[in-house]
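Residue numbers begin at 1 in each chain, while the letters A, B, ... track the order of the sequences.
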Amino acid sequence: MANSPDAIAHFPFPFDQDTYMYSTNVEPADQVRDNGMAGWGGRVYDVCEHYRDEIALRNEILARDPLRCQVLPHMREAAWDVVEHATTSMATDYPDWFSREERGGEVRWTNRLLDLEQVFTPGVEDTLPEEPFHWMMRQVQEDIELLDHRGDALYVDAGILTFGADWSLDFDLGMSFLEIHGPVPRAHELGVFQRAHTFLLGLRAGQNFRRTNWTMTVGRRLDTVTEVYPEWGPDRASLTYDEIGPRLHLRVEVQHFVRLPRSNAVMFPIRTYLISLDELCTVPAWSMRLERVLASLPDDLTDYKGLARYRDMTVQWLAERNATLGATAA
Amino acid sequence: MAVTTIKVRVAEITELTPEIRAFDLVPLNGTPLPPFSPGSHVVVHVPGEDRVRKNPYSLASSPWEQDRYRIAVRRIDEGRGGSVGMHERVRWGDVIEIEPPHNLFAPDRAATRHVLVAGGIGVTPFVAYAHALARDGVPFELHYAFRGPEHAALLDDLAAASPGALSTYVDDDGTAVLAGLRERLAGQPLGTHLSVCGPAPMMDAVLGLARELGWPESRLHLERFALDEAPRLPFSVRLASTDEVIEVPAELTLLEALEDRGIEIPYLCRQGICGECRTPIVDGTPDHRDIFLPAEEHGSALMPCVSRCARGPLVLDL
Ligand code: HEM
Ligand code: FES
């Protein structure tokens, strides 16, 4: 499942400075963002060359662990909102692959990538083969969390997490936005979450925002949720210098913020992209910047992101690569 | 971020009471209107004598109707003129602009039962509530007080959406509805939420009664309209380095006016949240409208994506 040159050119490289610190980095989601290559973004649901593989992986995970996707009863309306939003957006953004026709209250949905056709009536559960959110989540590559807006708070009362970066939906389900971010170092003192919270409470339907978040993962492994830590955690310690290029990946999440119109819930799609450092080094501007960002990353953030075991070694590896890149360029 | 407005045609105007008119708004070209959640309002750009006024009105129709929105407007002669403009200047067939629906009064979806209390024109959001709750099979009761039978608006719409759930009160000062509610509020099962919309003294009285009967704050809700965004007035700024003076008209942000002059300021959110566009000032008093800048920097910087000028001359350290 390596990335094609085209996928690399569209990679959401998240750093536009040589240092990294948390900030309330939200921006309107409608424009393509420059990455020095072909750019990224502009669509809430990104259907890429890994679509079928990632859908298959998601189905395997859900079969093994049904708690990865949960919908509390009062989130029923929000689930239907997601079905409407996803089918409408995907049919508009990718007319060759998806189509949605609405006639007399019925929707005919065609997903040519999965060879699937379904006629359903929005709001009527038994016109779909399973609960609507589950059904839709088997057709997108994003993990999606749904936040109920009650009083002056937002609660994660539904969601799916098959490609998460070291957290657990089952643990966080029902928690508020501010509770969930409890473990993040520094950001509370910086006021990041207070501002983000105010922003999310005021989010309007039709005005989508986005941000990026990042960490690193050993192996091209999407499923690094807390529940399966024993399967991926030890790789952090066993990574060797010679394996860095092919095995160590920069992991970037493109996160969107969408107000769902009928339920008033906030939808939070998280799309995870992995790029190996070998792939990343095909763009020298990125490998040089990553070296500087990693070298200057404060220790508490390095620990929180789980990079402590291999950060120094990786900076050295990147420095060597960048030196040869510089030499070739010169 | 500027809100994009929707153009709608006034398809019907109905005299509901001597003071209240309903306006049915339909899309211009057949594209469905945006779906909305119960409790949502639209901000209507009301044509005025001197300038357009922006007034929020609750959507008083079913959230599943996308070919028509209904709003109901009570004429308030001593108000800021928006309701008078709606009554006097808006005619059948007119095309007017509205902002897309936004919700500051959504029903609590974890509630197992709802008690809704309305006074006068405050009944409007509960039309959509009634449709949604009835559709979802969530039990509710609606208590609606008005000054006299001739002032009862939307009774047909409510009765259609909530058969059996409606109690009405003819009431001048709130005594009748309070008397009726006392018993109802005393006997509600846990998980019931109370939502009130009406004149402020009535909302206070009803919420006061609920508190007296031991209702926790988390189960009490009242409609609070976002006050209109403070008006944007034109102003000018000077750049300290070049003495160049830049005019910022009412319809532009300072950031946009600077960009129009070829001055690039880094930005991300354009909403006063992220902190990217922070710009130092050397003179003047900004009108801070962001949520980023800490108070101790209020005299030394501003966020040009949203903030404007309170007292000039405003001089930017650029
Ligand atoms: C809207 C819904 C959101 C949800 C459900 C969510 C959820 C989460 C979760 C589960 C974590 C991992 C926390 C842990 O260690 O257990 C996290 C981390 C974080 N979140 Fe959010 N988040 C949301 C929005 C935002 C927003 C708007 C911001 C804006 C700044 C933000 C900033 C962060 C940061 C900085 C971290 C630390 C990430 C890292 O260093 O790897 N989040 N979030
Ligand atoms: S651009 Fe984000 S605060 Fe101005």
Which answer fits A:Pro73, side chain, backbone, both or neither, if we ask what part of it has an atom under 4.5 Å from a heavy atom of chain B? neither
Residues two or more places apart in sequence or in another chain: which of them pass side-chain contact (heavy atoms from CB on, under 4.5 Å) with A:Asp172? A:Trp167, A:Met175, A:Ile180
Mind checking salt bridge (charged side-chain N to carboxylate O under 4.0 Å, His left out) for A:Arg204 and listing every partner two or more places apart, or none if nothing turns up? none
B:Leu268 vs A:Val26 side-chain heavy atoms within contact, under 4.5 Å: no
Counting heavy-atom pairs under 4.5 Å to chain A, which of B:Ala111, B:Pro34, B:Ser37, B:Gly39 comes out on top? B:Ser37
Taking the side chain as C-beta and beyond, is there a heavy-atom pair between A:Arg76 and B:Asp136 under 4.5 Å? yes
Using modelled atom types and a 3.5 Å cut-off, is there a donor and acceptor pairing between side-chain atoms of A:Arg262 and backbone atoms of B:Pro63? yes
Report which part of B:Tyr267 has an atom under 4.5 Å of a heavy atom belonging to chain A: side chain, backbone, both, or neither. neither
Looking only at A:Gly202, A:Ser263, A:Ser23, A:Ala265, the option with the highest number of non-hydrogen pairs under 4.5 Å against chain B is A:Ser263
Polar side-chain atom of B:Arg109 near backbone of A:Met75 as donor-acceptor pair, under 3.5 Å: no
What pair of heavy atoms forms the shortest contact from A:Pro28 to B:Cys269, and how long is it? CD-O, 3.8 Å
Please report the closest heavy-atom contact between A:Thr24 and B:Cys274, naming both atoms and the distance. O-CB, 3.1 Å
